[in-house]
Each structure stands twice: as structure tokens, then as C-alpha cells.
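Okay, structure first, notes after.
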Number of protein chains: 2
Amino acid sequence: MATIKDVAKVAGVSIATVSRVINQGEKVNQKTRDKVRTVMQQLGYRPNANAQALVTQKSKTLGVVIPELTDPFFALLASGVEAIAKEMGLQLLLSTGTGSAESELDALNILLDRRCEAIVMHSKHISDQKLQQLLGQNPGLVLIDRYIPEVQERCIWLDNIEGGRIAARHLLSLGHKCFACISSEYDIEDPQLRLQGFVETLNEQGISKGTVAVSMATPNQQGGQSATQELLATGQPFTALFAYNDAMASGAISTLEDNGIRVPEDVSIIGFDDVILASFTRPKLTTLKYPVEEMAAQAAQLALMHLDGEVTTMQTEMKHLPSLIRRASCARLR
Amino acid sequence: MATIKDVAKVAGVSIATVSRVINQGEKVNQKTRDKVRTVMQQLGYRPNANAQALVTQKSKTLGVVIPELTDPFFALLASGVEAIAKEMGLQLLLSTGTGSAESELDALNILLDRRCEAIVMHSKHISDQKLQQLLGQNPGLVLIDRYIPEVQERCIWLDNIEGGRIAARHLLSLGHKCFACISSEYDIEDPQLRLQGFVETLNEQGISKGTVAVSMATPNQQGGQSATQELLATGQPFTALFAYNDAMASGAISTLEDNGIRVPEDVSIIGFDDVILASFTRPKLTTLKYPVEEMAAQAAQLALMHLDGEVTTMQTEMKHLPSLIRRASCARLR
DNA sequence: CTGAAAGCGCTAACAC
DNA sequence: GTGTTAGCGCTTTCAG
């Protein structure tokens with residue numbers, strides 16, 4: 001591949017001049033500029049971004065670490081970061097880390113090696129302590145979907161408890177009295193928090209804790225089915241079901257209907273996330289929207305700000321609230 | 001951030017030695033190695049990948065260009081490339097280009113600037129000619145979801161015509177006689193090809209062309225709904241419906257059922273792609289699986305091979321066939 | 001086994 | 001305006 005030297009030689013100028021026309025900035029004589037441009041064209045020259053990064057100490061790169069791309073939720077997250085990257089003229093570097101602190105750390109380190117301007121990280125397995133250390137060392141690093149009080153100015157997160165509360169209030173307002181939940185068996189905070197908010201709110205309305213049946217499984221459609229199956233097997237009646245996420249809710253719909261239980265006529269279901277799937281179920285899912293794409297974009301901007309050493313706190317809230325999306329899977333109790 | 005010099009200084013060795021311990025390779029005295037390792041640790045040193053890329057002429061980077069991450073189909077595509085990246089110890093660079101040749105070209109150029117080892121590109125708007133030129137200039141570039149005869153050894157593609165044929169045969173085998181299609185109004189080859197295969201096969205079985213109603217719309221759930229609406233409005237009867245993709249098929253199900261037409265009892269529907277959505281509809285979609293993740297992985301491997309100048313053609317087929325996934329949206333005509 | 005030195009492709013003073 | 005030169009952080013001969 002042609003280098004700046006080749007261009008300079010063919011154009012009969014110094015590499016400095018070529019550099020100047022690349023970077024538009026400084027005034028270069030119209031004639032020489034044209035000449036250089038022509039040569040760059042015919043040589044198919046493209047400046048080496050790695051070399052530029054090295055000398056300018058700017059990689060023009062934005063990193064994001066997520067567990068996996070195939071999960072629509074994380075695709076949305078990545079997309080939010082990508083939007084800011086495009087807006088700022090940065091290249092997106094995507095790194096996946098799943099299942100373990102080590103894997104997540106590897107993903108981050110790879111990004112760090114590239115000297116990304118900023119990094120948005122989704123981590124569920126690295127300890128609070130380690131994360132704090134990491135944040136301390138890397139000004140351009142921001143956490144998403146995680147809340148650590150000590151470094152809250154570097155966290156963009158969702159109020160999961162409030163999500164559970166909203167779900168409960170909605171179901172309550174529809175007249176429901178018998179509740180059940182299907183939740184994720186994964187050992188992370190989110191499921192507990194959502195459940196906590198849900199149950200607490202119910203309790204406040206005089207519905208005793210023992211009354212609401214809870215079943216755990218993997219947080220996908222499959223898991224939704226088996227968890228619902230299990231719920232049904234207990235024989236405990238319910239007319240309202242709160243699912244950990246939309247995928248589980250979808251599984252619940254299948255299983256319920258397969259058992260002759262109509263949604264929402266017999267049972268109302270409420271999901272969580274509002275990923276694309278939510279409008280593909282039938283009935284369409286009433287769910288709690290997790291504005292992850294917007295949050296990811298905000299996280300990217302925040303990361304970029306911290307990088308510039310802007311001390312000013314963000315005007316916008318770092319804690320986000322899920323919002324109720326009313327579709328067709330919930331109905332008033334008859 | 002600490003550099004190799006810092007490490008060398010603190011460890012009391014030359015940078016060459018530090019470099020050696022970074023790259024494992026050459027023998028370094030156990031003692032000095034340990035010393036250097038310790039210093040790297042305490043300084044939090046991480047080698048600068050940009051500098052390494054510059055000097056070694058290897059970026060250890062794998063690029064992919066797609067229209068957008070939020071479309072599950074393209075997320076899958078990216079995921080396939082990502083899998084190979086991880087396997088080969090490469091970093092994934094993702095670049096989006098949508099809607100126009102210019103935008104797609106920009107996305108590619110950005111990746112080229114980074115000197116990716118290889119690039120998998122999804123392009124629908126750049127001309128065959130331009131693409132051929134690009135492939136000529138960049139040995140590590142491979143096209144996915146596109147077929148250009150002149151450079152077929154650099155294309156990984158799906159036989160869309162055969163997809164249409166398979167759909168037709170399946171519906172025919174179920175006893176259907178009245179067909180309709182909803183297709184994409186976008187001006188790319190795929191919709192035409194799928195339709196062509198479908199209609200041709202029907203014709204071969206004596207079903208005249210004029211008989212099968214076709215309605216176009218945007219290739220998403222919304223479009224599926226409006227296209228189906230339009231179909232219904234014509235009053236032309238049909239018991240089998242071939243949709244351009246799963247999203248449109250999902251829209252069709254909604255609209256049909258909302259009009260009191262049951263799926264699959266009254267109308268059988270077949271989709272295309274088999275993205276995650278396909279199992280979220282109710283009934284679950286019978287569809288043609290587009291093995292895009294596998295294809296993307298293959299494309300990445302192919303790109304990496306070409307890079308190494310390996311002249312040997314791939315053992316595996318570059319043309320892929322969609323496969324019929326039988327679920328619940330199709331039934332025998334009664 | 002280790003160090004000195006050249007250079008990857010480019011930018012940014014600093015001269016002219 | 002344009003050229004010269006000194007690096008950016010690292011790898012890689014080549015000596016020793």
C-alpha cells in the first residue's frame with residue numbers, strides 16, 4: 001500500500017506538504033494541493049490510521065464491551081454507542097466478554113491496548129472494587145447497566161426496583177389480585193431488584209409475600225416456557241404474571257396458550273426491556289421499556305466528556321427509569 | 001500511560017529486552033524476565049497496539065461493514081465475523097454504511113485506513129464494477145450476501161431463487177392452490193430473486209402467473225401488515241402466503257388474525273431468514289433459514305486466507321442454500 | 001542473553 | 001508556502 005513518501009515522491013513535494021493536504025488545515029498552494037490530491041488518487045493512497053494514532057496520540061476510536069451481539073438487547077446497546085461514534089467521526093471497536101470477570105477483563109484490556117478515546121462497558125462479573133480501580137486508571141471509561149455508589153458519576157443505570165414497582169402498580173390498577181413471577185436464575189442483581197420492587201409494592205397493597213409464586217429459569221424464551229410450566233404445576237392460581245424480560249414473557253405466552261389459558265383474557269403478562277421481540281408476540285407485549293440505546297449513547301458521550309477532563313457533571317440524569325409500554329398482553333380483571 | 005521506555009528505565013534494562021518479554025518469543029533470562037514482568041505490573045503497562053501495528057504491519061484487526069446493528073439479521077452477520085475474530089485473536093472493527101453507495105464506501109474506507117487484516121462487507125448499493133475494483137485492490141476483502149460472477153471466489157452468497165423454489169414446493173406439497181406474496185419494495189436483487197423462484201415453480205405446476213397476487217412494502221413488520229391489508233383489499237382469495245422475510249410474515253399474521261383469518265387453519269404463511277423473531281410469533285413461523293452467521297464466519301475465514309495469498313480455493317461451497325424450517329405457520333390445505 | 005540503532009507512516013514544530 | 005527534522009511506541013536486525 002502506498003505511503004505518504006510515495007505520494008510525496010511522485011508529486012515532487014515533501015511529505016510535510018502531503019501531510020498538510022491530508023489534514024486540510026494549513027494553507028497549501030492551490031496548485032500543489034491539486035497536484036498532491038491527484039497523485040493520492042492515482043496511487044489509491046489512504047493515510048495509515050495506526051500511524052496517525054501513534055503520532056497524534058488520538059486513536060479516533062470508541063470502544064464498547066458487551067456479552068454478545070446476538071442478543072437484541074446488547075445489539076441495541078452497541079448501536080447506541082455506534083451512533084455517537086459516527087456522530088463524532090470515531091471508529092467503533094467492539095469487544096465481547098461473557099460469563100466471567102476474566103473474560104470481561106480481557107475484552108476491556110484489548111480495547112485499552114488500542115488506546116480508545118473512550119469505552120462504554122457492560123460488566124456483570126467484575127467486582128465493584130476492581131471496577132473502581134479500573135475507572136480510576138481510565139478516565140474515558142464508563143459503566144452502563146451497573147451502579148456503584150462510590151463512582152456513580154461514571155455509571156449510567158436503570159432503576160430496576162422502580163421497574164418492578166411500575167409493573168406491580170399497573171397490574172394492581174387493572175384489578176388483579178393473584179400474582180406470579182418468572183425470573184432469571186442468573187446470579188446478577190437485576191432479577192432480584194426487579195422482583196424486589198414488584199413484591200414490595202404488592203405487599204404495600206396488602207398482598208402477602210407468600211402469595212406470589214416465583215419460578216426461576218434461564219432468561220430466554222425456553223426458560224420462560226419451563227418456568228411457566230413449573231408455575232402451572234404448582235397449581236397456585238394467578239391472573240397476572242410479571243416476567244424478567246420479554247423473551248421469558250414470550251415463552252410464557254406460548255405455554256399458557258398451549259394449556260388453554262388465554263392471554264390476556266385469563267392471564268395478563270408484563271415483560272421487561274421492550275426489545276424488538278415485544279411487538280412480535282401475539283398478543284403484543286405490554287412491557288417496561290429499558291431505553292438502552294439512548295442510555296448507551298449517553299454513556300458514550302459521558303465517556304468522551306470525562307476524557308476531555310470536563311469536570312462539569314452531566315446535566316442529564318444518570319439513573320434512568322423504565323417506562324410502561326401498554327400493548328395487548330394485559331387486561332382488566334373481569 | 002506508561003510506555004515501553006518507562007518500563008525499561010524502571011527495570012534497568014533496554015527497551016529491546018522489554019519488547020522481548022512482551023513477545024514471549026526469544027529467550028530472556030528468567031530473572032530479568034521476572035523483573036520486567038513485575039515492573040510492567042506495577043506500572044500498569046500495556047503495549048500500545050497502534051505502535052505495534054505500525055512496526056509489524058499487522059493490525060490484528062478484522063473489519064465488518066453492515067447497514068445497521070439493530071437489525072437482528074445483521075447482528076447475526078456481525079456475530080459470525082466476531083466469532084472468527086475471537087478465535088484468531090483479532091479485534092473486531094465494525095463500521096456501518098446504509099442506503100447509498102457513498103455511505104457504504106465510506107464505511108469501507110474507514111476500515112481500510114485501519115489496515116484491517118481482512119474485511120467482510122455487506123454491500124447492496126455499490127456497483128458490481130466498483131466492487132470488482134475494490135476487491136482487486138484489497139486482497140483481504142470479501143463480499144457477503146452478494147454474487148458477482150467475475151469475482152465469485154470472493155463472494156459468499158445465498159441462492160435466493162432456490163429459496164423461492166423451496167417455499168413454493170413446500171406450499172404445493174401441502175395441497176395449496178391459491179397463492180399470494182408480500183415482498184420488499186426496496187430496489188435490490190433479493191426480493192426479485194425470491195419471488196422469481198417462487199413464481200417460476202408455481203408456473204411449472206400449472207399455476208398461471210396472473211393468479212398469484214403480489215404486494216410490496218417496506219420489509220418490516222409494519223410493511224407486512226400494510227402489504228397484507230392491501231392483499232385483502234383486492235378480494236383475491238389465497239390460502240398460502242410467501243413473505244419476503246420473517247418480519248413481514250409476522251406483520252401478515254397480525255393483520256390476518258385481526259381480520260378473523262386464522263393462521264395456519266385458513267392461511268399458511270412462510271417466512272424467510274429464520275432470525276430470532278421467527279420463534280416469537282404465534283404460531284411460530286415456518287421459514288427458510290438463511291444461515292448468515294455461519295456464512296459470515298466463512299467469509300471472515302476466506303478473507304483471512306486470501307490475505308495469506310493462499311491460492312487454494314476453499315473446500316466449502318460459496319453458494320449457500322436456505323433450508324426449510326418447519327414450524328407452525330403452515331398447514332395442509334383442508 | 002542483552003543493548004544499540006534503524007525505521008514503521010505520520011504529524012508538528014521550526015526554519016527558510 | 002514548503003521543506004527538514006525530530007519523534008510517537010514499538011519490533012527487529014546486528015553486534016557484543
Side-chain angles (χ1 to χ4, degrees), chain A residues 1-40 43-61 89 91 109-117, chain B residues 1-40 43-61 89 91 109-117:
Chain A
M1 185 138 230
T3 73
I4 197 172
K5 281 186 190 169
D6 301 325
V7 177
K9 193 173 298 172
V10 177
V13 298
S14 74
I15 61 168
T17 299
V18 178
S19 176
R20 287 191 188 97
V21 353
I22 292 172
N23 300 289
Q24 319 285 10
E26 308 184 46
K27 289 96 181 62
V28 178
N29 183 2
Q30 182 66 37
K31 254 186 175 166
T32 47
R33 186 203 309 271
D34 290 346
K35 174 67 180 164
V36 171
R37 286 248 171 79
T38 310
V39 174
M40 298 200 313
L43 260 47
Y45 171 75
R46 303 232 97 226
N48 184 322
N50 298 119
Q52 290 177 315
L54 184 58
V55 60
T56 61
Q57 303 281 38
K58 288 192 185 320
S59 66
K60 294 196 174 185
T61 232
Q91 172 62 49
N109 278 332
I110 289 173
L111 258 25
L112 255 16
D113 291 350
R114 299 274 160 190
R115 302 295 189 267
C116 294
E117 309 290 339
Chain B
M1 184 137 230
T3 73
I4 197 172
K5 281 187 192 169
D6 301 325
V7 177
K9 193 173 298 172
V10 177
V13 298
S14 74
I15 61 170
T17 298
V18 178
S19 175
R20 288 191 188 97
V21 353
I22 291 172
N23 300 289
Q24 319 285 11
E26 309 185 45
K27 289 96 181 64
V28 178
N29 181 7
Q30 183 66 39
K31 255 187 173 165
T32 47
R33 186 201 308 272
D34 289 346
K35 175 66 180 165
V36 172
R37 285 249 171 79
T38 310
V39 175
M40 296 200 314
L43 258 47
Y45 171 75
R46 306 230 95 226
N48 183 322
N50 297 120
Q52 290 178 313
L54 184 58
V55 61
T56 61
Q57 303 280 38
K58 288 191 186 322
S59 65
K60 294 196 173 183
T61 231
Q91 171 63 49
N109 278 332
I110 288 173
L111 258 26
L112 255 16
D113 292 351
R114 299 275 161 190
R115 301 297 188 266
C116 295
E117 310 289 339

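Protein chains get the first letters and strands the later ones, always in sequence-line order, with residue 1 at the start of each.
Residues forming a side-chain contact (heavy atoms from CB on, under 4.5 Å) with B:Lys9 (at least two apart in sequence, or on another chain): none. Taking the side chain to side chain donor-acceptor pair (under 3.5 Å) definition, one finds that A:Arg115 meets it with nothing, sequence neighbours left out. Among residues two or more places apart in sequence or in another chain, the side-chain contact (heavy atoms from CB on, under 4.5 Å) test is passed with A:Ile15 by A:Ile4, A:Lys5, A:Ala8. Residues satisfying the side chain to side chain donor-acceptor pair (under 3.5 Å) criterion with A:Asp34, sequence neighbours excluded, are A:Gln30. A:Thr32 is linked by a side-chain contact (heavy atoms from CB on, under 4.5 Å) to A:Val28, A:Asn29, counting only residues two or more places apart in sequence or in another chain. Applying the side-chain contact (heavy atoms from CB on, under 4.5 Å) rule to A:Val10 yields the partners A:Val39, A:Gln42, A:Leu43; only residues at least two apart in sequence or on another chain are considered. Remark: A:Thr56 engages no residue in a side chain to side chain donor-acceptor pair (under 3.5 Å) (not counting sequence neighbours). Among residues two or more places apart in sequence or in another chain, the salt bridge (Lys or Arg N to Asp or Glu O under 4.0 Å) test is passed with A:Asp113 by B:Arg46.
When side chains are defined from C-beta on, A:Ile22 counts as touching A:Met40, because their heavy atoms get closer than 4.5 Å.
No donor-acceptor pair under 3.5 Å is formed between the side chain of A:Gln91 and the backbone N or O of A:Thr61.
Boundaries of the chain A contact region on DNA chain D are D:dG1 to D:dG9, first to last in 5' to 3' order (nucleotide atom under 4.0 Å from a heavy atom).
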(message) I'd like to compare against my own output: the B/S/- annotation of nucleotides 10-16 of chain C with a strict under-4.0 Å heavy-atom distance to protein.
(response) BBBB---
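The overall bend of the helix from C:dC1-D:dG16 to C:dC16-D:dG1, read as the angle between its terminal helix axes built from five base pairs each, is 40° when rounded to 10 degrees.
In this structure, the CG atom of B:Asp34 is 15 Å from the C1' atom of C:dC1, given to the nearest Å. In this structure, B:Lys35 atom NZ and C:dT2 atom P are separated by 14 Å, rounded to whole Å.
Using a 4.0 Å cut-off, some side-chain N or O of B:Thr32 falls inside it from OP1 or OP2 of C:dT2.
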